[in-house]
Amino acid sequence: MSLNKYVTLNDGNKIPQIGLGTWLSKPGEVANAVEVAVKAGYRHLDLARIYQNQEEIGGAFKKIIPSIVKREELFITSKLWNNSHRPENVQAAYEETLQQLGLDYLDLYLIHWPVAFKPGQDLVPKIADGKQTDIDREVSIVDTWKALIELQKAGKVKSIGVSNFTQNDLDAIINATGVVPAVNQIEAHPLLPQDDLVAYCKAKNIHLTAYSPLGNNLSGKTKIVDYPQVSEVAKKYNADPAQVLIAWGVKRGYSVIPKSVTESRIKSNFEQIELKDEDYETVTSLYKELGKVRFNIPYTYAPQWDINIFGEDAEKPAKLTVKTQ
């Protein structure tokens with residue numbers, strides 16, 4: 001069992017390889033989850049404005065910093081939400097997150113999606129019929145990325161990066177600014193290996209963080225942990241299937257941020273195992289057998305984002321594509 005391995009980012013900062021995800025962690029549960037995780041040894045916490053639980057996490061921070069852990073020992077990520085993509089709104093959004101969390105700085109700030117919403121108080125503004133989000137075509141991902149670069153230059157945030165960006169999106173911001181993101185946070189698990197994107201990011205020295213490393217329950221499909229290839233490997237290591245899927249991501253070089261609010265699960269997710277090559281291949285074979293599954297596609301949300309982000313079949317009817325310039 002090895003705990004608290006770190007990966008060095010392209011800007012020299014170090015990110016702990018296993019973190020706690022807080023997406024879909026409900027109010028009333030998330031503060032306790034953060035407290036349990038830090039006491040169990042986690043130092044990497046993944047947050048976002050749109051999760052609408054940062055104030056509660058800020059309450060947890062008051063209890064654990066500095067009595068259990070020093071602030072500088074933690075690696076805290078949050079994300080710029082879509083309604084604040086215009087450059088003049090970026091710093092205010094960042095400072096709102098700091099205020100919610102009761103912190104002076106973040107270790108990593110990400111553009112959450114390569115999609116801008118109309119600016120304003122509504123986190124998810126809707127067009128007149130209420131069935132679709134109101135997408136802002138006045139601002140590009142390059143404009144927003146330049147604003148994050150300025151935040152970092154001003155010393156307000158240690159590292160900057162992106163989330164849910166494709167190779168085309170990454171090319172656009174890198175070619176326009178010369179600044180390579182430290183991190184791209186993506187959905188990544190054995191049914192979504194994204195080998196081309198992984199190879200591209202490796203060549204550019206962009207670290208990948210894997211969200212939904214166990215898949216998720218939103219689709220109603222069989223959970224990845226329930227497939228026999230995963231449970232058979234788990235038995236060999238006297239581990240549970242979630243630990244196998246986390247180890248699969250670690251072996252690919254990702255940092256991995258499984259979400260849980262259950263104390264026993266939070267602790268077991270942090271107990272790393274190291275997969276032998278043949279067991280890694282057994283888990284990887286799921287993709288060949290079952291094909292690609294992307295659980296998180298905003299075109300399928302309600303209200304719908306009428307934009308093709310990933311080029312998936314489900315997104316083909318979308319009218320818009322990512323605005324890169």
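Predicted model only: the values in this text are computed from it and were never measured.
- At a threshold of 4.5 Å between non-hydrogen side-chain atoms, the residues N83 and P119 do not count as touching.
- In terms of modelled atom types and a separation under 3.5 Å, the side chain of T97 and the main chain of Y94 share no donor-acceptor contact.
- Considering only residues two or more places apart in sequence or on other chains, D196 meets the side-chain hydrogen bond (donor to acceptor under 3.5 Å, both in side chains) condition with none of them.
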As a quick check of understanding, evaluate side-chain hydrogen bond (donor to acceptor under 3.5 Å, both in side chains) for H207 and S255, giving each step before the final call. CA-CA 8 Å; H207 176 69; S255 52; 2.8 Å; yes
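- Ion pairing of K63 with E35 is present here, as a side-chain N (NZ or NE/NH1/NH2) and a carboxylate O approach within less than 4.0 Å.
- Judged by distance alone, the side chain of N205 and the main-chain N or O of N10 form no donor-acceptor pair under 3.5 Å.
- For Y42, the ring-ring contact (aromatic ring centres under 6.0 Å, His included) partners are F270, not counting sequence neighbours.
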Quick one: do E29 and N53 satisfy side-chain hydrogen bond (donor to acceptor under 3.5 Å, both in side chains)? Show the steps, please. CA-CA 10 Å; E29 297 179 334; N53 55 16; over 6 Å; no
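- Minimum interatomic distance between V198 and P193 (heavy atoms only, all atoms of both residues): CG2-O, 3.5 Å.
- Counting heavy atoms from C-beta on, the side chains of Q325 and I141 never come closer than 4.5 Å.
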Which pairs of donor and acceptor atoms, one on a side chain in residues 238-248, lie under 3.5 Å apart (sequence neighbours left out)?
residue : atom : partner : partner atom : Å
D240    : OD1  : A242    : N            : 3.2
D240    : OD1  : Q243    : N            : 2.9
D240    : OD2  : R265    : NH1          : 3.2
D240    : OD2  : S268    : OG           : 3.4
Q243    : OE1  : D240    : N            : 2.8
Q243    : NE2  : S268    : O            : 3.0
Q243    : NE2  : E271    : O            : 3.2
W248    : NE1  : T284    : OG1          : 2.9

Pair up each side-chain donor or acceptor in residues 100-111 with any protein partner under 3.5 Å, not counting sequence neighbours, and list the distances.
residue : atom : partner : partner atom : Å
Q100    : OE1  : Q54     : NE2          : 2.7
Q100    : NE2  : E55     : OE2          : 3.2
D107    : OD2  : R71     : NH1          : 3.0
D107    : OD2  : R71     : NH2          : 2.9
D107    : OD2  : I76     : N            : 2.8

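- I174 is listed as a side-chain neighbour of I206, based on a closest heavy-atom distance under 4.5 Å.
- Judged by distance alone, the side chain of H189 and the main-chain N or O of L214 form no donor-acceptor pair under 3.5 Å.
- In this model, a donor atom of one side chain and an acceptor atom of the other lie less than 3.5 Å apart for Q91 and E95.
- Atoms CG and CD, from N184 and Q167 in turn, are 11.0 Å apart once rounded to the nearest 0.5 Å.
- The side-chain heavy atoms of D279 and K236, taken from C-beta on, include a pair separated by under 4.5 Å.
- Between E274 and K5, at least one side-chain N (NZ, or NE/NH1/NH2) sits under 4.0 Å from a carboxylate O, which counts as a salt bridge.
- D134 has no carboxylate O lying under 4.0 Å from a charged side-chain N of K126, or vice versa, which leaves the two without a salt bridge.
- Summarising the local packing, NZ of K267 is surrounded by 12 or fewer heavy atoms from other residues, nucleotides or ligands at distances under 6.0 Å.
- Checking side-chain atoms of E56 against main-chain N and O of A31 turns up a donor-acceptor pair under 3.5 Å.
- Not a single donor-acceptor pair under 3.5 Å links the side chain of T22 to the backbone N or O of S25.
- Across all their heavy atoms, K118 and P125 have their closest contact at O-CG, 3.6 Å.
- The two residues V69 and V38 come nearest to each other via the heavy atoms CG1-CG1, 3.7 Å.
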Run the side-chain hydrogen bond (donor to acceptor under 3.5 Å, both in side chains) check on N164 and Y211 step by step: do they pass? CA-CA 10 Å; N164 297 300; Y211 75 79; 2.7 Å; yes
Solution key, residues 144-155 side-chain donor-acceptor pairs under 3.5 Å, sequence neighbours excluded:
residue : atom : partner : partner atom : Å
T144    : OG1  : H85     : O            : 2.8
T144    : OG1  : S140    : O            : 3.3
W145    : NE1  : T177    : OG1          : 3.4
W145    : NE1  : V179    : O            : 3.2
Q152    : NE2  : K158    : O            : 2.9

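- Under the rule for a side-chain hydrogen bond (donor to acceptor under 3.5 Å, both in side chains), T133 has no partner lying at least two apart in sequence or in another chain.
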Derivation of the side-chain hydrogen bond (donor to acceptor under 3.5 Å, both in side chains) call for K79 and Y51: CA-CA 10 Å; K79 308 178 191 82; Y51 303 165; 3.2 Å; yes
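- Atom CG of N13 sits about 12.5 Å away from atom OH of Y6, to the nearest 0.5 Å.
- For W81 and F117, the ring centers sit closer than 6.0 Å to each other.
- Exactly one residue among I173, D169, V183 makes a side-chain contact (heavy atoms from CB on, under 4.5 Å) with V162. That residue is I173.
- We find the OG-CD1 distance between S78 and I57 to be 8.5 Å, quoted to the nearest 0.5 Å.
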